[in-house]
Each structure stands twice: as C-alpha cells, then as structure tokens.
Amino acid sequence: MSDVLKFITCGSVDDGKSTLIGRMLHDSHMIFDDQVKELEVSSKKFGTTGEAIDFALLVDGLAAEREQGITIDVAYRYFKTDKRRFIVADTPGHIQYTRNMATAASTAELAVILVDARQGILPQTKRHSYVVSMLGVRNVIVAINKMDLVDYDQGVFDQISAEYKAFAKDLGFASIDLIPVSALKGDNICDQSPDMPWYTGHSLFGALETAEISKAALVDKAFRMPVQMVTRPNLDFRGFAGTIAAGSVSVGQKLVALPSGKTSHVKSIVTYEAEHDAAETGQAVTITLQDEIDISRGDLLSCAEEPCGIADVFRCKILWMADDAMVAGRQYIFKSSVSEQVCTIEKPKHLIDIETLQHVAGERLELNDIGVCELYLNKRCAYEAYGDNRALGSFILIDRHTNQTVGMGMIEHEMRRSTNVHHQDLTITREKRADMKGQKPSVVWMTGLSGAGKSTIANALEKKLFAADYHTIVLDGDNIRRGINIDLGFTDQDRAENIRRIAEIAKLMMDAGLIVVVSFISPFEAERNMAKEIIGAENFVEVHIDTPLELAEKRDVKGLYKKARAGKIPNFTGIGSPYEIPENPDVRVKTQDRAPEECADDVLSVLAERHILPRGI
Amino acid sequence: MTKTHLDTLENEAIHIFREAAEQADNPVMLYSIGKDSSVLLHLALKAFYPAVPPFPLLHVDTRWKFKEMIAFRDRRAKETGMELVVHINPEGIEQNIGPITHGSSVHTDVMKTQSLKQALDKYGYDLAFGGARRDEEKSRAKERVFSFRDKNHGWDPKNQRPEPWNIYNSRKNKGESVRVFPLSNWTELDIWEYIKRENIDLVPLYFAEERPVIERDGMLLMVDDERLEVQPDEPVENRMIRFRTLGCYPLTGAIESDAANLDDIVAEMKNVTTSERSGRAIDQDSNASMEKKKREGYF
C-alpha cells in the first residue's frame, strides 16, 4: 500500500468541494489555532455560512476567489491520519476550468467526486468523471453531499447511486465507493453519522485510508529511464541522470539507448549516498555504462531485451487548454519526458462529447475540448501508450509564439504510415541547378494586408529580374486560391493549411532552381515561421509590404474592405481577423507615396546583399 | 526496498532540480540560510552528485539577519564548494532602511522584494530555485512548481501555465524568468523529519538554548545586537527559546521551548497548534498580503 495517497476532489460548482476539504483538514487536526482565528475573521467578511466558520475560505486562497466565493485554480493541501498521508488537490468546478481539473487529475491516484444531493448527477459530474478516467485514475469515491438538506433520505442516496453507476459503467473504474455525507455538518466524514443509520459503509476518511490503489505494477515491467542530463564532473566519470519510469535496473544489465539503438552494460548505479547494485521505479539515480556510447538529454535508456517503441506519428487524445483554438497544420512544441521538438497536428478524427461519451464530428479543438488526433513529429522518439505508462505516454503542447502550455495529450498508439514512405535522395542537387542558372535559388516571401500592393510590387520585381536574365516565378495568393487551394476557406485552420501548401510548392520550385516570389497576405507569425522552416531560413527572404490599414482601405482596389466593413466577408484580415506585423523581416517596404518600381528596388538590394544575384542586375 | 514518503519527496525534488537546471541558461539558487534552504541545498548536492550543482547560491541580505545566520552561510558555501553571491540593496544602505525605523513592510519591500529583483537583473539569472512550500500559506498552495514571472518579475495567479504530470514548461522570452520550487509538496513536518533522517546541518538558532529576549508587540524578540534599541519598559530576560523560522531578527518571533535536538523538535512539531508563519510580522499585515507581495515580485 502506498504511504502517500494523492487524490483530487471534483464536482460541479457549489457542490461543496472546498467546504469538504476544509472539513477534512479541520477534523484531522491540520488547522492551527492562528489559522482558525484568521478564518473566523474572514468568515465574517467573505463567508457564505452566516455565523458559522466557512471552511471553504481555508482553501480558496487567491484574493479573487475569496471575493467571488468560487475556486479558480487547483490548490494542493496536505494532511494525515494515523493510517495514511494525503496530498489533496482541490479543483475548480466551473466548466471553464476543466483544464485545471485535468492537470490535477494527471498525478492523482484516486478521485473524490462530489454530488449535491439536491441536484443529483449534473453534466459537470459526468465531465469530471470522464476526464478522471481518461487520465488513468481507477479508484473513485462518490461523496453525495448536503444530505442534511434532504433530511438524510436514503431514497435520494439510492437513486443518485444507481444513476451514477449506470453512467460510469463504461469508464473503466476499478472501484466506485458511494458515501452519503454532509461536509458542512461533518456527517460520515470522520465517523459514522448518527443521522443516517441506514448507511453502514465506510466514512469518507475510512474509505480514503483503506483504498487499495490498483496501480499498474510499473515496477514489474521492463526497465525505462529518460535521460535528464549527462553528468561529467571530471574526465573519468560520465553518468546519465534520470528518474526510473518503469522496472528496475542492476549492475551488469544490458541496456539500449533509444532512439539510437546503441547498447552497453551498466557499470555502476550512483547516488549521493553510495553506489548501488540495483535501483527501481521512482528512484532518481545516475547510471554509468561500460562503453562510451553517445547519449544525451532526451534519450531513453531501456532494457535491451524489451525495448519500447519508437515512432514519429501518433494517434493521441488531446485536451485543449488555450483560449485560441488548436490550428491543424500549425507547428507546436511537443514536450514529453524524453523529447522537446516541433510537431504538427492534423484535424481531429473526432471529438468526444464527455457528457454522453459519444464521438462527434468536429473540425477544431476549442478550449476544454477533447479530441482524437494524429500528431506528426520531426524526429522519432521513444514512447509507450499512456495506458501502459503515464510517464512515457504523456506530453504537453506549447505555443511557439507565446510559450504558453496550450494542450495536454496522451499517446494511444503509433501510426505506421510514416515508416513506409522513405525520403528519396536525388543526384542532381539544388546546388547543381543553381550553378547552371547562375543564381541562388530562394524564396522571397511578401506579406502584408490585402491591398497593400504585394502583387504590384511582385510584378515589378519580377520584370526587373527577368530583364537581367534571372529565372523567376510569382506565386500569387488569389491565383493559388482559385487553383490548387480551391478547397480551403478563411478560418485560422484553413489559412494555416493554405500557407503550408504554398510553402511546399515554393520549395519545390526553388529546388528546380528558380527565384520564387510569393505574394501572400500570410497574416500570422506562426505560419510565416512555418514557411520559413519548410523552405529553410538560409533561402528565405521575408518582405513586409508595410502599408497602413487606413491607406489599404482607402485604395480598396478590389472593393473588399467595403464588403468586409458591411459584414459581408467574415474573417477579413485587418477587419474581422488580425494581421500580426512581422517583428524582424529581412526588409520592410514602405509604400506610401512611392512607385512600385522604387519599392521593388528595396527588395533587390536585399537580394544582392544575400548573394542571390551573383551576376548583378 | 521499501520507500518511505520522504524518499518519494526526495526523488521528486531531485527530478525537478535536474529538469530546471538543464533548461536554464543562467540558473541560481536563492539561499536564505533557513531550514528550508538547508534542505534545498542538500537536495541540490544530491541531484548533481558527483558534480557540484551547476549554479551559484544567491543570498539577498537585508543587514538585519541574525549574526549566527551569516556565519553559517559563509561556512556552508565554503564546505560545498559553491559560489556565494551576496546582494544588498545599495539604495537601502544609502537611506539606511531598517525594520525598526521604517516598519516591516517598507523594510521588506526595499531590502527583500526590490533587492531580489535588482540582484536577478544585475546578474541576468533566468531561473531561480526557491525553497517555498505549498503548505506555508494560502496563495502558495496555488502556485506551480515552475512559476513564470514577467519582465517585471510579477506573478499573475489567474494566468498560470497548466502543469500536468511532471512535464515542466520553462520556455520564456528574453527578460522573463522562472522561479522553481522543488519543495512544493513538502510540509513543515516533512522538512524536520528529513533533516533528522539526513542529519542536515542547521543554524543553531533552531535549537532551544538560553538566549536574551524582550517582549515587543506580542512577540519574543532576541537581542541580537544594539540596534534593537531596548526600551526601559522592555526588560531583557534569559529564556529557553528557539525559532521555527529565521528572517530579520527584529521581525522574527521566538518560541519558548526546551527542544534542544532534532528528536525533541520533531516531537514538538507533532503537537504544535500554531502555523510557522505566525511568528513572522510580514504575513500579518493584511489578509491577502503574501499574494500581493508575490504579484509584485516577492519570492
């Protein structure tokens, strides 16, 4: 049995979670005298319980929470009884804080789900039960609270119990304990309640103290350890430090480093205290090997006989945690215990309606949505399915621009597709074609508002290059959208895909030896960065056609601004959809009161500086 | 091998230390000389063994720490072989800021909050380890292990990064920084039990001894030097006292105790009825005072 039980409390708003935790802390004597005194003062000021002490104020620690009387963020509390120590995460009930609740559930071993006896099972009860199950919690206690307000009626308890069991039968819980309680009055929290003689099961503390956590026995599985760092205090010592994620390891054992596949044997297992013969799951150790093989942070040391999988395409479940929806095709940072690299995610296969548990069709993931998606990595990485090992099957997604954590994901299985398509190496290289043409093939990427003058300047630029015998092509936004990208609209997601295709096409043409001039609104920094990465920074010239919105709108050559202002074009850049001004373009071209030829010269001088035009102009 | 809860906490802290240090450009460890800092230092030594931790210790000195603390600090830095950086706010020296003349809140703001910001900016540290625990105080209970700070070192409690599993996102833009708290999940009792198990060296002030004290504003203050300006109606008495936390001596209340060794202290801790910060003047200013200070950049 674990000596520390990590659990979360969850449930709908006003089910009394914070009150319950306050009550547990109080009844297990974890609240100090000075805190009770402070509590009495705050209860009078903020409390919702009249003259009585408001236990919820013990846990709602942020000023905004106390003022609004709600829980916003996860609070961690620590208490113990004679039998066990507990770490409890109190999680917010409001629907907009589902992500906070999922965060707390990711490390929990048990969940206490509160239900208000007067309300019964609410949508949020179901949501939370599903999230808890998805994150791998297998033991659940359902505390049916506020029994004092329904006259301690057994009929109410029985009905809610039956309803919950019916709902939860497909969630894969190993145990479900149902307990009638009153957190406010203390019924069935510590001791049996005299008001509910019909209930003969455990009190809440009793259930928590005796819960058998059916942890997947990680320690009996094959050895896995993500390498956190390489320790090299001197020339004679080269150790690989990490926390063992599964199994055990002993001196002499054969290990394989993944993804490289190189093998060696364990020479020593070192900690500050001593050298050890063996170590097991959960221990933070440093391992040295008999052979000098190249291992660095992000590699996985694995039992050589049973190595874990390596892949670069995964089917996974993603919970989206940001206000801005997930954009399929956009690049995000994928961070797991073994890897931190760029990934792209495809449109969801389906979303999960977590009240009905049904699969529903959906194009995008909004805040708090859960979807099943395919995820593509740039490099292969070691993994295990989340169901087999939380540590090797979990990852977070980070926005490249804001650095915010925007999603959390669980790997279900790898997709084989990628391993069957191999990159073809070609003998006639880009360099050889460039030599033949006497130019450095590259992509000139013009970004700017609609009506900024991109196409006009691109045309002027191409005329000058053509006159000097350079081989060029212009890819124009409007033309491409009428052709290869005719299936795409103007949502964020479609804009990202639009750019991805343009970038790939531009790259092909560049590989053919051309100087490619792309004239595209491309309003988002993230997508411009993606294009830069596809094409390669050394071949990419970013040109910002800098025309103020007022001027572009005044010109309004195509009459689009007028339509957009009239509400006839949703998502129009500059009006209904933002334009993110490039922070560091290679050149910023001012167009106000200047001729297109003059503007094109600005670009030409940058091309000359970058040695793209070796024969001059 | 049976693992105890202290092993679990220790392994978690070591994991956090390694993750953070690997991802930072210029990390530092805040060292405040107290028991939590002593545990933090011990864990840092373990996490990087056999190498020396790859960061310096930073002490933000207020000039009002107990003399024994300063002596202890210098000795430990020497013993561990780690670089010690001491920063005192030069403006505070110039204006001769102190807790008695200026009050606890001005003193703390100038000599701790502002001074810490100065030090972090001066040396360009982008990640700072701290010994804060979630059980210390209500707003701490909501703080992440990797706590993100903006360019002004401010903390935005309503916009914290979600932190699922033990995958920590320390990515940041230039000028922004991260505070990392490896002891987040430890309680005060865990700290003492661990100190006992690992035989960790502490400032002697934690152990009961007869020391000269006066009573002022309901607190027992130790007469550490003449700057306390003992008044005629404040008789100096020798009493058996010790400290549960250590800070600036005029702001840190002693408790009467006979606990002269770790066994006694752990036994005393198990029966204690007041929280450890009850002895600190800084937390009693206003109800949400710690959250306010943290928003402004306090550690």
Side-chain angles (χ1 to χ4, degrees), chain A residues 3-4 32-35 38 41-42 45 58-64 66 72-78 85 87 99-100 102-103 106-107 135 228-229 231-234 237 239 241-243 270-273 280 282-284 286 297 321 333 335-337 390-391 394-396 398 403-405 408, chain B residues 1-5 7-15 18-19 21-23 45-52 134-135 137-142 148 157-169 171-173 176 184-187 189-190 272-278 287-288 291-292:
Chain A
D3 62 311
V4 191
F32 297 124
D33 291 352
D34 56 313
Q35 290 171 323
E38 194 199 320
V41 176
S42 350
K45 190 166 163 195
L58 264 178
V59 276
D60 288 338
L62 299 176
R66 299 160 82 89
I72 292 173
D73 209 335
V74 182
Y76 293 90
R77 297 285 153 184
Y78 308 82
R85 286 164 191 267
I87 300 180
R99 58 179 172 173
N100 307 65
T103 299
S106 71
T107 53
L135 285 158
Q228 281 185 288
M229 61 177 199
T231 307
R232 268 169 307 200
N234 56 58
F237 189 96
T243 305
V270 180
T271 67
Y272 182 79
E273 287 74 32
E280 63 174 40
Q283 282 186 273
T286 301
R297 173 175 167 83
M321 304 168 106
I333 302 290
K335 189 170 198 303
S336 74
S337 61
R390 280 194 197 188
S394 53
F395 59 89
I396 58 173
I398 301 169
N403 292 325
Q404 278 292 334
T405 303
M408 59 190 279
Chain B
M1 182 189 153
T2 48
K3 280 197 297 175
T4 68
H5 80 284
D7 293 323
T8 307
L9 291 170
E10 177 186 85
N11 285 319
E12 180 186 65
I14 290 174
H15 180 84
R18 290 170 172 174
E19 278 302 290
E22 278 292 300
Q23 295 178 56
L45 294 170
K46 285 196 171 195
F48 301 97
Y49 180 84
V52 177
R134 285 179 178 146
D135 83 324
E137 194 269 339
K138 281 191 290 287
S139 73
R140 291 263 197 236
K142 308 243 162 179
F148 184 79
K158 278 202 236 172
N159 193 26
Q160 299 193 79
R161 291 175 176 176
E163 196 168 72
W165 301 292
N166 56 2
I167 308 173
Y168 303 108
N169 172 7
R171 297 178 81 93
K172 57 202 173 300
N173 292 316
E176 297 165 342
S184 285
N185 285 327
W186 296 53
T187 64
L189 184 57
D190 295 330
V272 72
T273 60
T274 56
S275 72
E276 62 184 312
R277 286 194 168 258
S278 64
N287 202 301
E291 181 185 343
K292 189 166 162 287

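All values derive from a computational prediction rather than experimental measurement. Letters go in sequence order (proteins before strands), and every chain restarts at 1.
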For B:Leu9, is it the side chain, the backbone, both, or neither that has a heavy atom closer than 4.5 Å to a heavy atom of chain A? neither

Any donor-acceptor pair under 3.5 Å from A:Ser106 side chain to B:Pro164 backbone: no

Is it true that B:Glu22 and A:Gln228 share a donor-acceptor pair across their side chains at a distance under 3.5 Å? no

Are A:Val270 and B:Tyr49 side-chain neighbours, meaning at least one heavy-atom pair lies under 4.5 Å? yes

Just so I know, are the side chains of A:Asn100 and B:Pro162 near enough to count as touching, which here means a heavy-atom distance under 4.5 Å? no

Which atoms form the tightest heavy-atom contact between B:Pro50 and A:Thr231, and what is the distance? CD-CG2, 4.1 Å

Options A:Asn234, A:Leu135, A:Ile333, ranked by heavy-atom pairs under 4.5 Å with chain B, top entry: A:Ile333

If we ignore hydrogens and angles and just use 3.5 Å, is the side chain of B:Asn11 paired with the main-chain N or O of A:Thr243 as donor and acceptor? no

Should A:Gln283 and B:Asp7 count as side-chain neighbours, where that means a heavy-atom distance under 4.5 Å? no

Euclidean distance, A:Thr103 OG1 relative to B:Arg161 CZ, rounded to 0.5 Å: 13.5 Å

If one checks every heavy atom of A:Thr107 against chain B at 4.5 Å, the contacting part turns out to be side chain

If you look at every heavy atom in B:Ile14 and A:Ala284, which pair is closest and at what distance? CG2-CB, 3.6 Å

Residue from B:Arg134, B:Lys46, B:Arg18 scoring the most non-hydrogen pairs under 4.5 Å with chain A is B:Arg18

With a 4.5 Å limit on heavy-atom distance, are the side chains of A:Val74 and B:Lys142 in contact? no

Is there a donor-acceptor contact under 3.5 Å from the side chain of A:Lys335 to the main chain of B:Tyr168? yes

Given side chains that start at C-beta, do those of B:Asp190 and A:Arg85 come closer than 4.5 Å, heavy atoms only? yes

Let me confirm one number: the CD1-OG distance from B:Ile167 to A:Ser394, rounded to the nearest 0.5 Å. 3.5 Å

Under the salt bridge (Lys or Arg N to Asp or Glu O under 4.0 Å) test, which residues partner A:Arg390, sequence neighbours left out? none

With only heavy atoms counted, which part of B:Ala47 is less than 4.5 Å from chain A, the side chain, the backbone, both or neither? backbone

Non-hydrogen atoms of chain B under 4.5 Å away: do they reach the side chain of A:Met229, the backbone, both or neither? both

Using non-hydrogen atoms only, which part of A:Ile398 is less than 4.5 Å away from chain B: side chain, backbone, both, or neither? side chain

Side chain proximity check, B:Val52 to A:Pro233, heavy atoms < 4.5 angstrom: no

Atom pair NE2 (B:His15) and OG (A:Ser337), whose distance is rounded to the nearest 0.5 Å: 7.5 Å

Using only heavy-atom distances, determine whether the side chains of A:Tyr76 and B:Asn185 contain a donor-acceptor pair under 3.5 Å. no

Hey, does A:Asn403 have a side-chain heavy atom less than 4.5 Å from the side chain of B:Asn173? yes

With sequence neighbours left out, the residues meeting ring-ring contact (aromatic ring centres under 6.0 Å, His included) with B:Phe48 are B:Phe55

Side-chain heavy-atom pair B:Gln23, A:Arg297 within 4.5 angstrom cut-off: yes

Could you tell me which non-hydrogen atom of B:Thr187 sits nearest to which non-hydrogen atom of A:Tyr78, and how far apart they are? CG2-CB, 3.4 Å

